[in-house]
2 protein chains.
Amino acid sequence: MNHKPLLDYINKYINLTVEEEAILLAKIVHRNYLKDQYIVQQGDICKSANFIISGCTKTFYTNLEGQEHIVMFSIEDWWTSDLGSFITQKPADFNVQCIERTQLIQFTYDNLEELYIEIPKLERLFRKIVERAFVASQKRIIRNFSLTAKERYLIFKENYPKIEQRIPQYMIASYLGITKEFLSKIKNQLIHNQ
Amino acid sequence: MNHKPLLDYINKYINLTVEEEAILLAKIVHRNYLKDQYIVQQGDICKSANFIISGCTKTFYTNLEGQEHIVMFSIEDWWTSDLGSFITQKPADFNVQCIERTQLIQFTYDNLEELYIEIPKLERLFRKIVERAFVASQKRIIRNFSLTAKERYLIFKENYPKIEQRIPQYMIASYLGITKEFLSKIKNQLIHNQ
DNA sequence: AATAGATGTTAATCTAGTTTAACTTCATTT
DNA sequence: AAATGAAGTTAAACTAGATTAACATCTATT
């Protein structure tokens, strides 16, 4: 059981004592998912906040016409969940699915509520994590409004240089909010530097 | 000095003792802004998290061509700030400007850091607030991708029935990510139920 | 009451991105 | 090695929404 990435990650935000680490480790579960398996499905109640040790997930919404819209990709050292469903314990709006074989650490809702009481410092940890996630989300809204698809694609490549090779084009298009055909056209334009 | 809306708001999330309330109230500042005054300007370091007692603000980004893109409106019983700038104490990406005469309570960065230490429960309060804000922001990204401008306008009217009368059309258009001319067209279509 | 400035509307023209559909490439299974 | 299917490309026709520009309305100030 490899806890190190989680503890290293936590220690960037707060300092846990050895006893606190032990309390925390007693309440987590390691879990392995295969490629294409779902961690959360739209309509389910999201039971866990998940810290990724290895692998990659996509969080997406499927509308009535069956079109997928990807809100985020998550990789090693990041979290994945339907946070809205998790915090309210109501049915999820989003699906979370593994794009690769994924190894993660799960905090169930009840265990995390207990941990907040046993180790109040964790409130600070998660406050800081969600603050950063919120800021990134707001910036994404602005990019979607004020930039063209080509500009958004270039920024995506800059921000996630390693992810692009791991993810099919049509998912990147979905994340950018365009069709796979138009992404294909953009890439062609970039090759012929237009 | 009217603290009641703030204390009522806080008590929906956590319970403060009388002593804790006193500590908190000692560290806040009441502030009044006139219509059109700025609370934060792009490039400034955002010095405060602001709880609105009365009035209304817009948070927006101005791009190089001078176009405004509104990320959020804030009214009574809600927060306004450039959170990204506030938490990192680096220059703001956004402007926060009053659309009406606005009365608010300010938490400066240093005071809030001290409060987190004196009243650790506040970590929980702000964790929960930001969690909800993040969830709303994710849902907005999906709406922008998967709905037409007309659908987004109708949802806006549903979600903010009282705000619409208080805010000029061109700002609503900016929030929806469309031009004021196109919003005008949408409204005309809705009148003639197309 | 006249002027100026901000806000809102209408309509013509234009464009970024979608849709549809046919084709290619690549990996997987039999 | 052939066959199936998933992923990606290309190109033509189409549309949601932008741009431009002229005009209308409303308000505040002198």
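To find a chain, count down the sequence lines: A is the first, B the second, and so on, and within it residues start at 1.
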Nearest whole angstrom, please: distance from the [atom2] of [N] to the [atom1] of [X].
X        : N      : atom1 : atom2 : result
A/Gln189 : D/dG8  : CD    : C1'   : 16 Å
B/Leu176 : D/dG17 : CG    : P     : 11 Å
A/Asn144 : D/dG17 : CG    : P     : 14 Å
A/Glu68  : D/dA7  : CD    : P     : 10 Å
B/Lys187 : D/dG17 : NZ    : P     : 17 Å
A/Gln165 : D/dA7  : CD    : C1'   : 16 Å
B/Ile172 : C/dT7  : CD1   : C1'   : 12 Å
B/Ile167 : C/dG8  : CD1   : C1'   : 16 Å

Regarding A/Arg140 and the six-membered ring of A/Tyr175, is the cationic atom NZ or CZ under 6.0 Å from the ring centre and inside 45° of its axis? yes

Is the NZ or CZ atom of A/Lys58 positioned over A/Phe60's six-membered ring, under 6.0 angstrom from the centre and within 45° of the axis? yes

Donor-acceptor pair, [X] side chain versus [Y] backbone, under 3.5 Å?
X        : Y        : value
A/Glu123 : B/Leu125 : no
A/Thr102 : A/Cys56  : yes
A/Glu164 : A/Pro161 : no

Could you go through the side-chain contact (heavy atoms from CB on, under 4.5 Å) check for B/Thr57 and B/Gln97 one step at a time? CA-CA 5 Å; B/Thr57 68; B/Gln97 189 180 16; over 6 Å; no

What class does the angle between the rings of B/Tyr116 and B/Phe126 fall in, given that below 30° is parallel, 30 to 60° is tilted and above 60° is perpendicular? perpendicular

Counting only heavy atoms not in A/Arg166, do more than 12 fall under 6.0 Å of its CZ? yes

Under the ring pair (Phe, Tyr, Trp, His ring centres under 6.0 Å) rule, what do B/Trp79 and B/Phe107 come out as? Steps first, then yes or no, please. CA-CA 11 Å; B/Trp79 297 83; B/Phe107 293 76; 5.6 Å; yes

Work out how much the helix from C/dA1-D/dT30 to C/dT30-D/dA1 bends between its end axes, five pairs an end, to the nearest 10 degrees. 40°

Annotated protein contacts, base or backbone, on nucleotides 10-19 of chain C with a non-hydrogen cut-off under 4.0 Å, one of B, S, - each: B------BBB

